[in-house]
Enquirer: 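I have a structure here, written as structure tokens, and I will follow up with some questions on it.
The figures that follow rest on heavy atoms only: side chains count, while hydrogens, waters and symmetry mates do not. Lettering of chains follows the sequences in order, A, B, ..., and the numbering in each one begins at 1.
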2 protein chains.
Amino acid sequence: MGITAKGRATRQRIVEGAAVHLRSAEPGSLTLDDVRAITGTSKGQLFHYFPGGKEELLLAVARFEADRVLDDQQPHLGALTTWTAWRRWRDAVVARYRAQGAHCPLASLLGQVTTTPGATEVVATLLEQWEGHLRRGIVAMQADGLVDAELDAGRHAAALLAGVQGGVQVLRSTGSSRHLEAALDLGIDRLRREPART
Amino acid sequence: MGITAKGRATRQRIVEGAAVHLRSAEPGSLTLDDVRAITGTSKGQLFHYFPGGKEELLLAVARFEADRVLDDQQPHLGALTTWTAWRRWRDAVVARYRAQGAHCPLASLLGQVTTTPGATEVVATLLEQWEGHLRRGIVAMQADGLVDAELDAGRHAAALLAGVQGGVQVLRSTGSSRHLEAALDLGIDRLRREPART
DNA sequence: CGCTTCCTGGACTCGTCGGTCCAGAAAATT
DNA sequence: AATTTTCTGGACCGACGAGTCCAGGAAGCG
């Protein structure tokens, strides 16, 4: 019945191994043989733990990576209640993606999953949580009178998230973090100056 | 010697046919047989016109599509000299990507090209031109006194481009144009209110 | 018309990769 | 200890798709 501790360990090893491969120089397209090689497992095990085959495996890895994305921005992202926190968050994002360079594990991953409901769901969830953190941060700042209460928090959170996403994408293509930094700096700065309206 | 008119026509037919396929429901991965089927050509022709094989073909299609991206934003993008022009440009971008929905031909295309210098070059060029238009628009507005002259045009152009890119990406994942619109509207609005600084 | 060059078609090869299958080792359970 | 379940290894298969090759048709050219 069910699964043993050993089994769970192996499954975990597979997911993490695949993730490691994605972070390597040339992730290109991840093949099951790649996973086998890096994790020291056999085809049998792969299909034992992921009966849905490659797709199920990749989706598991995608979820794993999606969690990392947010984790890497903590603890700042979870407590954007002061300008200092925003600043630290900004730095963490820039640092993370600059270090990552052209290799966005999630991106190269999702490029391989045939556009299936599962894949979009992973992305949607990630974006939702991310934006939620930003929005709650803005609201908290408003509650403390640090940001104009009139400002539409949801709208600004959405725009900021878009800026970050786009900045990262440009960074992946050109290698420069200029756009990411501009989007972050101007986006955060915008929160300060909103009261100047009319 | 060289190439005849007939040959050029065939080559063009191949590129455009491939582009059509990418715009269809399930572009997934474009195979040479797909191209063959849709363009009524043979393997021989494909390799005759693209000796570099699939990669060279895909790159040609990518360049073709990249041009379309900017063309679809004209004439507005080329003459962002009034607030009305900015508004129209904004609407054109939203309309284009909303219509396109989850299918970004360029994105699904570049996902298939093994990260080669050629691929990044296409993207880099596109982004560069795009940003150049935005920057020149801001500068023009500054010259006419419609935008604060102190404002860093390059920085704002970069942030705006990032917002658009990210907005489109979110739209591709979630189907909602909320982020794209927020990024555009707040980004453009920011140009108006900059003088409020300090 | 003869000759060269370009264009077209499609059969064929060959590597890759996801997925299947089953035999047997290792644990758990009684 | 017996038996049942879970775990592991790897040989094997079949599909698919990129790229090769060459024979033959069309078009330019003296």
Enquirer: I need the NE2-P distance between H48(A) and dC7(D), as an integer number of Å.
Expert: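 Going from NE2 in H48(A) over to P in dC7(D) covers 4 Å.
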
Enquirer: Output the rounded distance in Å from CZ (R11(B)) to C1' (dC7(C)).
Expert: 15 Å

Enquirer: Looking at every heavy atom in both Q45(A) and T10(A), which two are closest together, and how far apart are they?
Expert: OE1-CG2, 3.4 Å

Enquirer: Between Q165(B) and Q169(B), do the side chains contain an N or O donor and an N or O acceptor separated by less than 3.5 Å?
Expert: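 No pair is found: no donor N or O on one side chain lies under 3.5 Å from an acceptor on the other.
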
Enquirer: Rounding to a whole Å, what distance do you find between L32(B):CG and dT20(D):P?
Expert: 11 Å

Enquirer: Nearest whole Å is fine: how far is dG17(D) P from Q112(B) CD?
Expert: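 It is 11 Å, rounded to the nearest whole Å.
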
Enquirer: Reading nucleotides 21-30 of chain D 5' to 3', which nucleotides get B (base under 4.0 Å from a protein heavy atom), which S (sugar-phosphate only), which -?
Expert: ----------

Enquirer: Where along residues 53-60 of chain A does a heavy atom come under 4.0 Å from DNA chain C, residue by residue in number order?
Expert: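 The stretch gives G53(A), K54(A) as the residues lying under 4.0 Å from the strand, ordered by number.
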
Enquirer: Please report, rounded to the nearest Å, how far the C1' atom of dC7(C) is from the CD1 atom of I3(B).
Expert: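 After rounding, the gap between these two atoms is 10 Å.
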
Enquirer: Tell me whether the OP1 or OP2 atom of dT8(D) has a side-chain N or O from T10(A) closer than 4.0 Å.
Expert: yes

Enquirer: Around R178(B), counting heavy atoms of other residues, nucleotides and ligands shown, do more than 12 lie under 6.0 Å from its CZ?
Expert: yes

Enquirer: In terms of the nearest nucleotide of DNA chain C, which residue is placed more toward the 5' end: A5(A) or Q45(B)?
Expert: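 Residue closer to the 5' terminus by nearest nucleotide: Q45(B).
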
Enquirer: How long is the gap from OG on S24(B) to NE2 on H103(B), to the nearest 0.5 Å?
Expert: 7.5 Å

Enquirer: Expressed as a whole number of angstroms, how long is the span from D33(B):CG to dA15(D):P?
Expert: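 One finds 16 Å between P of dA15(D) and CG of D33(B), rounded.
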
Enquirer: I'd like to know if the side chain of D34(B) and the backbone of T31(B) have a donor-acceptor N/O pair within less than 3.5 Å.
Expert: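 It does hold such a pair.
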
Enquirer: Quick one: label Y49(A) by what it contacts on the DNA or RNA (base, sugar-phosphate, nothing), any heavy atom closer than 4.0 Å.
Expert: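 Sugar-phosphate, backbone atoms only, no base.
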
Enquirer: What is the distance from atom CH2 of W86(B) to atom CG of L146(B), rounded to the nearest 0.5 Å?
Expert: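 The CG atom of L146(B) is 11.5 Å from CH2 of W86(B), to the nearest 0.5 Å.
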
Enquirer: For the residue pair T82(A) and M141(A), what are the closest heavy atoms and their distance?
Expert: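 Here T82(A) and M141(A) meet closest at N-SD, 3.6 Å.
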
Enquirer: Between P on dT16(C) and CZ on R36(A), what's the gap in Å once rounded to a whole number?
Expert: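 Result: 14 Å.
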
Enquirer: Using distance only, find each side-chain donor-acceptor pair of residues 56-71 of chain B under 3.5 Å and give its atom names and separation, not counting sequence neighbours.
Expert:
from: E56(B); atom 1: OE1; to: G52(B); atom 2: N; distance (Å): 2.5
from: E65(B); atom 1: OE2; to: R23(B); atom 2: NH2; distance (Å): 2.8

Enquirer: Which atom pair, heavy atoms only, marks the closest approach of L127(B) to S173(A)?
Expert: CD1-CB, 4.4 Å

Enquirer: Rounded to the Å, how far apart are D34(B) CG and dC16(D) P?
Expert: 12 Å

